[in-house]
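Count residues from 1 along the sequence.
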Amino acid sequence: MRLQSRGSEIAVLGEGPGAEGARRLLTGLSDLLASGYPLQRSDVATAIRVIREDPAVSLVEFFTDSPFGPALKDAVSVRNMKQRLYAQTIDRHDLVFAIGPAGTGKTYMAVAMAAAALVEKKVKRIVLARPAVEAGERLGFLPGDLVEKVNPYLRPLYDALYDILGYEKTAKLLERGIIEVAPIAFMRGRTLNDAFIILDEAQNTTSEQMKMFLTRIGFGSKAVVTGDITQIDLPQGKTSGLREAQQVLSKIPAIRFVLFDEKDVVRHSLVQSIITAYEALDREREAAAASGLARNGHGAPSSGR
């Protein structure tokens, strides 16, 4: 396959899936421009990714049919088919778990859906929670009171809000208590009605914390739980509440799980390569550990005699 340009026209020469995909890509981008869509360089990369995932997709529909409503459609956009599915799942269900590696947009998309629900008056407030688990550092050595100590752990949630709603609007909503960002410990004993609740970094909740959080959901509320079960920072011997919830709740029809992997990473291309490399290392270690057990006579297959 090769491309040939003449003036403002581009011809795709050749046959096969690659050539057909290139034709669909160029046709879709042309239709987007004709419709008046302000195509950006990042949109071209997104379009290539989307065509690879689903050759039959309509790029015009993908880019113009925003799941975030008219208020935020220019501020946030989905970057692949999995993110689109994720947004649609959040819209249609009251409790959604998003599990996968960093860079897939789990938290950012959840915050965007929460902001859209607030702007459209589908909920009265947003509550963002996160466990303050120490990843190699000690809270006790940080200055300030408890709120100031845990604030650095909540910073990614603030960053997403500032990016989506703007600094001034977010600050006003935080001051009025319409948006609340808090460590998960602050959720105990509460019932949250008419709220959009997000639990971020849920792999670092304990079993008890996860159960406590899920039972805070009140009438008219929607909850999204995000996390990466390969990045658990809990002390040795503690069960991850996210891992347990996936096992216990996956068969409940009203609860949905959206699983991301390294192919869904939408950050710098190096991030996807880094995640893939570490996953390969984990598989090697698991295989080596299994081999060591077999040599020691633990879990070795029976001879059948």
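- At a threshold of 4.5 Å between non-hydrogen side-chain atoms, the residues Met109 and Val224 do not count as touching.
- Summarising the local packing, OH of Tyr162 is surrounded by more than 12 heavy atoms from other residues, nucleotides or ligands at distances under 6.0 Å.
- Asp94 is not listed as a side-chain neighbour of Ile217, based on a closest heavy-atom distance of 4.5 Å or more.
- Contact check for Leu173 versus Leu161: no side-chain heavy atoms found under the 4.5 Å cut-off.
- No side-chain heavy atom of Glu279 sits under 4.5 Å from any side-chain heavy atom of Asp261.
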Check: Do Met187 and Ile197 pass the side-chain contact (heavy atoms from CB on, under 4.5 Å) test, and can you show the C-alpha distance, the side-chain angles, and the key distance before you say yes or no?
Finding: CA-CA 11 Å; Met187 303 287 287; Ile197 317 159; 4.1 Å; yes
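- Side-chain atoms of Arg243 come within 3.5 Å of backbone N or O of Ile229 as a donor-acceptor pair.
- Between Phe260 and Tyr86, the ring planes are perpendicular. Angles over 60° get that label, and only those under 30° would be called parallel.
- Between the side chain of Thr191 and the main chain of Gly218, no donor-acceptor pair closer than 3.5 Å is present.
- Side-chain N or O atoms of Glu262 include none that pairs as donor or acceptor with a backbone N or O of Thr276 at under 3.5 Å.
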Note to self: side-chain contact (heavy atoms from CB on, under 4.5 Å) for Lys122 and Asp91? Distances and angles first, verdict last.
What the structure shows: CA-CA 11 Å; Lys122 293 180 179 178; Asp91 185 52; 3.9 Å; yes
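- Arg155 forms a cation-pi arrangement with Tyr158, by the criterion of a distance under 6.0 Å to the ring centre and an angle within 45° of the ring axis.
- Hydrophobic clustering of Ile, Leu, Val, Met, Phe, Trp and Tyr side chains at less than 4.5 Å, counting indirect connections, keeps Ile198 apart from Leu95.
- Hydrophobic clustering (ILVMFWY, side-chain heavy atoms < 4.5 Å, transitive): Leu154 and Leu199 are in distinct clusters.
- Between the side chain of Gln83 and the backbone N or O of Thr104 there is at least one donor-acceptor pair closer than 3.5 Å.
- In this structure, the side chain of Thr46 engages the main chain of Ser42 through a donor-acceptor pair within 3.5 Å.
- Two different hydrophobic clusters hold Phe213 and Val123 under the rule that ILVMFWY side chains link at heavy-atom gaps under 4.5 Å.
- Listed by first and then second residue, the side-chain hydrogen bond (donor to acceptor under 3.5 Å, both in side chains) pairs involving residues 244-255 are Ser207-Glu244 (not counting sequence neighbours).
- Two different hydrophobic clusters hold Val266 and Val111 under the rule that ILVMFWY side chains link at heavy-atom gaps under 4.5 Å.
- Hydrophobic clustering (ILVMFWY, side-chain heavy atoms < 4.5 Å, transitive): Ile48 and Leu32 are in one cluster.
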Margin query: Using side-chain contact (heavy atoms from CB on, under 4.5 Å), reason through Phe62 and Asp54 one step at a time and then give a plain yes or no.
Written below: CA-CA 11 Å; Phe62 180 87; Asp54 183 1; over 6 Å; no
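- Between the side chain of Thr107 and the backbone N or O of Asp200 there is no donor-acceptor pair closer than 3.5 Å.
- More than 12 heavy atoms of other residues, nucleotides or ligands shown are found within 6.0 angstrom of CZ on Arg190.
- Inter-residue side-chain proximity for Ile232 and Asn204 is flagged as met; some heavy-atom pair is nearer than 4.5 Å.
- Listed by first then second residue, pairs satisfying salt bridge (Lys or Arg N to Asp or Glu O under 4.0 Å) with a partner in residues 36-46 read Asp43-Arg79, not counting sequence neighbours.
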Next item on the list: Apply the test salt bridge (charged side-chain N to carboxylate O under 4.0 Å, His left out) to residues Arg84 and Glu61: give CA-CA distance (whole Å), side-chain angles for both, the deciding distance (0.1 Å), then the verdict.
Entry: CA-CA 11 Å; Arg84 189 183 192 190; Glu61 180 181 337; 3.3 Å; yes
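- A heavy-atom distance below 4.5 Å is found between the side chains of Leu234 and Ser240.
- Between the OG1 atom of Thr205 and the CG atom of Leu214 there is a distance of 8.5 Å, given to the nearest 0.5 Å.
- Proximity of Met210 to Val225: side-chain heavy atoms (C-beta onward) are separated by under 4.5 Å at one or more points.
- Between Met81 and Val57, the closest side-chain pair of non-hydrogen atoms falls below 4.5 Å.
- A donor-acceptor pair under 3.5 Å is absent between the side-chain atoms of Lys106 and the main chain of Ile99, judged by distance alone.
- Counting only distance, with no hydrogens or angles, the side chain of Asp194 and the backbone of Lys124 share no donor-acceptor pair below 3.5 Å.
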Next item on the list: Test side-chain contact (heavy atoms from CB on, under 4.5 Å) on Val76 and Asp163 and set out the steps.
Entry: CA-CA 9 Å; Val76 191; Asp163 194 27; over 6 Å; no
